[in-house]
Each structure stands twice: as C-alpha cells, then as structure tokens.
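Notes for the one structure printed next.
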Amino acid sequence: MTYWKQLTLLLSLTLLATGCSVNPVTGQNELSFMSAEQEVAIGAQQYEPSQQSQGGRYVVDPDLNQYVSEVGQKLAAVSDRRELPYEFVVLNNNVPNAWALPGGKIAINRGLLVLLDDEAELAAVLGHEIVHAAARHGAKQQTSSTILNVGLMAAGVALATQDHEAAGIAVGALGVGAQAWQARYGRDQELQSDKYGIEYMVRAGYDPQGAVELQKTFVKLSEGQQASWMDSFFASHPPSQQRVEANKKMAAEHPGGVRNRAEYQRAIAQLKKDQDAYADYQKALKAFSEEDVASANKLVDSAIAKQPKENLFWELKGRVEASEKDFDGSAKAFGKAISANPEFFRPYVYRALAYRQLDKPDAAAQDLQKSMQLLPTQIASYYLGEYALQNGDTQKAVSYFQQAAQGGGEIGEAAKAQLQKLQQPQG
C-alpha cells in the first residue's frame, strides 16, 4: 500500500471514529461531524437571514406568533433534546410550509396555518419539525454534504426572494452574504419525524389524530398542485398515502387527547378575516408580473383597504407607483411598509432606489445600510460602493464592490468593472 493510500485510509478511519454520534431521539449510532454546539451556532446564524429571505415575520397579529410559540414550547418541553434553545416564528409567506434549522430554530408560514383546523394539527406540524432538530437531521444532511464536497466552498450565495408567492420581483440578485438552510429530508427521516412527532404530541396531551389529518391535507394538496412553488415544497416534504396510513396506525395506539379547535380558530381569526385581502394581493402580484399595471394598482388598493397594517401590500403599492415613475409616491408607500414592519429588509432596498431617482443619495445610503443589517444583498452592496466612491472613501468602496462582485450576473460584472478602475494606476 502506497504512502498516500495509507494516509487516506488513516484519515478516513479517524473521521469515522471521531464522527460517530448517537441520535438523541432514536438512540442509534450515526455518522456526524457536527457538534451540538455547532448545530446551535448554525441555527442562530441562519435563523434571521432565512426569515428575511422568505417574507419576514408576520406582524399584523403579534398574538398569533405568541400562540404558536406557546404550542411549540409545550412540545419542545417533552422532546428528547429539551436543552436546545427552541424558537418558533410565523413567517409572512403564502406557501403552506414549515421548516426547522439545526439547534431548534423553527418557522411556520401563515399559508399553512390557514389550512389547519385545530391546535392538534398545529402540534403535528411543530412536533414534526422539532424531531428534525432533535434527531439532528439537518446536521446529518450537512455531514453528507461535507463528505461529498470536501474542500469545496461556494464563493457567493444568492437567496431566492420572490416570496415563492408569485414571480416578478423587480429587484434581482438580493442575497449575497447570507445563506438559507435548504434541507431536503429523505423518506426515512420524514417517517422518523412523523413517528416521534406523534410521540411528542401524546406526551404533551394532544390527540395524535391531528397528525393523520395533517398528512391527508398534504396528500390532497399534492394531488392538485399546479403552482411551481409546490414542486419545491413537496421535494422537501414528500407526502404519501403511506405516511397517512402509518400515522393512522400510531394514532390508533394512543386514542384521546385534546384538539383545541376553538382555541386555534380564535388564534387564526385575523388571518382568516384577511384572506380576501391576501387573495387580492396575490392577484395584484400576478398582474404586476404580467405588466398589467392598472389591474395591479386596483387590486393592491383593494388589499390595502381591507388590511392597511400589512407591510407586503404597501411594498407592492410602492413598486407599482415606481413603475409609473411616481418616485415620490413610491417612496411614501415604501415608508408605510417600513412603518408596518421595520425589521424586513426589502422595502428599505426599494425605497433607496426611489430616493436615488429623487436625487437623495444620503437618504438612499441610509436605507441601504439598514437593509444590509437585516440581510446583506448584492444590489445594496453595489450602490453603497458607488456612494462611498462619490464621497471619496475608496477603501470602503472597494470592500462593497468586492461583496457585490461575488454575486455574479450584471451587477457582479459592474462591480468588477468598478474594481478594475480603482486598481488602475492614476496618471
């Protein structure tokens, strides 16, 4: 055996010896190179960027976030990893989805909440996601990625920012500097999360029949799927009649438990009341993407009239007015979006672009800097580079252009051109 083969074998054995860990939920030995501390750190690092890239927090009814968190913490308290710093958030996203980051950072979209009927079904969703975190499924996936891609690192990452609700977001290339966790669990991991999620439900006093109803809902959605975002959703959450039957069998072993339908319906009452407004918003997004500005304007006005506290509605209003070259009106609309939710990055970027058109560079830079604090993006980096250059701060300009160059595309090429100019000797 050659020296390099011996070294490779030794390295492999060392990795296997140090990378073996016990699954805290199943008790089985599994390969993992990620420590518990690393899991928590990854979750903490990715939680805010992942929220920002998927619509931000739902803020119209803060009590709903509190309710979901209370249900989630009740389940976390009976999980197999009660020491994790669990957090739960409702995202302002129409897609019926939920996800978990390593370390117990969990999100559920308003688009899924309106499809559930009671608290037991909500507990089924959250319990399922808690198992993904407790059983280290995300860490295991990262381990597999590490094995397949040793020594490879992405130079730049572009997050999807289309809300997965409709195409046509005017600002492309939003997302350099942040990386959302994109977990796609296998069949075994999904079945495992179903099984132990039901156990958590039972421990917390919920009727596991809620897990059966949840899977029935997903199967029905998959049968009638048409929108492209559903393809992505079901790739990461594959529903099947097999899962329905497995849940039925487990639920039959634990009859009884609470459903708390009245409590749940009270909690989502505002969401249900606003369904017509969100339907108008969806139609407005579609019309705007098809360049039917008049229809988009009428529909978004209708949405705002029905729910003036929704920041997404004001954001779209600003985009519509900007497309009509009414930059003063668009800046005011983006301002209302920001007032409704000051912790969402996108309206800051849009308003900065409007301020640039209104020849207000200082105000634009201030908005871009705030947006970068929430979610670093390529377009914000580029324009902040231009602003720094105009103010004679070459060092800061270079730093911003270097960030923007990582994202590629037209903005990336423009950033590279700026860097080349700055590196040329001055005659």
Side-chain angles (χ1 to χ4, degrees), residues 51-62 64-65 89-95 109-111 161-172 174 270-271 273-358 360 363-364 366-371 373-375 377 379-380:
Q51 292 176 49
Q52 290 286 328
S53 70
Q54 297 177 55
R57 292 178 182 240
Y58 170 72
V59 297
V60 171
D61 181 12
L64 180 58
N65 277 275
V89 65
V90 177
L91 295 185
N92 199 8
N93 195 306
N94 195 56
V95 177
N109 293 354
R110 60 172 167 79
T161 57
Q162 278 103 338
D163 299 337
H164 299 285
E165 295 180 345
I169 297 299
V171 177
L174 291 175
Q270 187 65 56
L271 269 185
K273 180 181 178 182
D274 292 339
Q275 281 302 93
D276 287 345
Y278 286 111
D280 286 342
Y281 171 70
Q282 293 299 120
K283 293 174 186 174
L285 275 174
K286 185 174 187 296
F288 190 63
S289 71
E290 295 171 351
E291 300 184 1
D292 184 356
V293 177
S295 294
N297 198 33
K298 182 178 179 181
L299 285 162
V300 77
D301 282 346
S302 175
I304 289 171
K306 292 171 183 174
Q307 180 46 273
K309 294 192 292 184
E310 174 51 72
N311 59 283
L312 293 182
F313 300 170
W314 285 110
E315 180 187 304
L316 181 55
K317 178 68 175 177
R319 291 173 56 205
V320 170
E321 293 189 340
S323 73
E324 297 277 79
K325 308 300 181 185
D326 181 3
F327 297 111
D328 185 62
S330 70
K332 290 176 181 176
F334 293 134
K336 290 185 177 181
I338 290 167
S339 294
N341 184 3
E343 299 305 313
F344 184 42
F345 84 104
R346 211 165 52 208
Y348 290 103
V349 179
Y350 284 126
R351 191 171 67 173
L353 299 182
Y355 281 154
R356 284 173 58 84
Q357 295 293 330
L358 294 168
K360 297 181 178 180
Q366 186 175 352
D367 273 357
L368 290 171
Q369 287 164 354
K370 176 61 178 178
S371 79
Q373 292 171 9
L374 296 167
L375 182 68
T377 61
I379 194 167

Taking the six-membered ring for Trp and the full ring for Phe, Tyr or His, determine whether the centres of F313 and Y278 are under 6.0 Å apart.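 Ring centres of Y278 and F313 closer than 6.0 Å.
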
Can you tell me how far apart [atom1] ([X]) and [atom2] ([Y]) are? Round to the nearest 0.5 Å.
{"X": "N297", "Y": "E321", "atom1": "CG", "atom2": "CD", "result": "6.5 Å"}
{"X": "S323", "Y": "E291", "atom1": "OG", "atom2": "CD", "result": "9.0 Å"}
{"X": "L375", "Y": "Q51", "atom1": "CG", "atom2": "CD", "result": "11.5 Å"}
{"X": "D274", "Y": "R110", "atom1": "CG", "atom2": "CZ", "result": "9.0 Å"}
{"X": "F334", "Y": "R351", "atom1": "CZ", "atom2": "CZ", "result": "10.0 Å"}
{"X": "L316", "Y": "L299", "atom1": "CG", "atom2": "CG", "result": "9.5 Å"}

Side-chain contact test, heavy atoms from C-beta onward, threshold under 4.5 Å: evaluate it for [X] versus [Y] and give yes or no.
{"X": "Q54", "Y": "N92", "answer": "no"}
{"X": "E324", "Y": "V293", "answer": "yes"}
{"X": "Y58", "Y": "Q270", "answer": "yes"}
{"X": "Q373", "Y": "E343", "answer": "no"}
{"X": "F344", "Y": "L312", "answer": "yes"}

Please name the pair of heavy atoms, one in [X] and one in [Y], separated by the smallest distance, quoted to 0.1 Å.
{"X": "N65", "Y": "V90", "answer": "OD1-N, 3.0 Å"}
{"X": "A287", "Y": "A296", "answer": "CB-N, 3.8 Å"}
{"X": "S371", "Y": "L368", "answer": "OG-O, 2.7 Å"}
{"X": "A331", "Y": "L358", "answer": "CB-CD1, 4.3 Å"}

Between [X] (side chain only) and [Y] (backbone N and O only), is there a donor and an acceptor less than 3.5 Å apart?
{"X": "N109", "Y": "V95", "result": "yes"}
{"X": "Y348", "Y": "P342", "result": "yes"}
{"X": "E310", "Y": "A340", "result": "no"}

Is there a side chain to side chain contact (heavy atoms under 4.5 Å, CB included) between K273 and Q307 once you walk through the steps? CA-CA 9 Å; K273 180 181 178 182; Q307 180 46 273; over 6 Å; no

Sequence neighbours left out, what pairs pass side-chain hydrogen bond (donor to acceptor under 3.5 Å, both in side chains) with at least one residue falling in residues 329-341?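 Sorted pair list: D328-K332.
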
Could you give me the CA-CA distance, side-chain angles and deciding distance for K317 and I304, then say whether side chain to side chain contact (heavy atoms under 4.5 Å, CB included) is met? CA-CA 9 Å; K317 178 68 175 177; I304 289 171; 3.9 Å; yes

Counterpart residues, side chain to side chain donor-acceptor pair (under 3.5 Å), relative to Q366 (two or more places apart):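 Counting only residues at least two positions away or on another chain, Q366 forms no side chain to side chain donor-acceptor pair (under 3.5 Å).
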
Test side chain to side chain contact (heavy atoms under 4.5 Å, CB included) on L271 and D61 and set out the steps. CA-CA 8 Å; L271 269 185; D61 181 12; over 6 Å; no

Take D276 and K306 through the salt bridge (charged side-chain N to carboxylate O under 4.0 Å, His left out) test and state the conclusion after the steps. CA-CA 8 Å; D276 287 345; K306 292 171 183 174; 5.1 Å; no

N311 and R346: CA distance, side-chain angles, deciding distance, side chain to side chain contact (heavy atoms under 4.5 Å, CB included) verdict: CA-CA 10 Å; N311 59 283; R346 211 165 52 208; over 6 Å; no

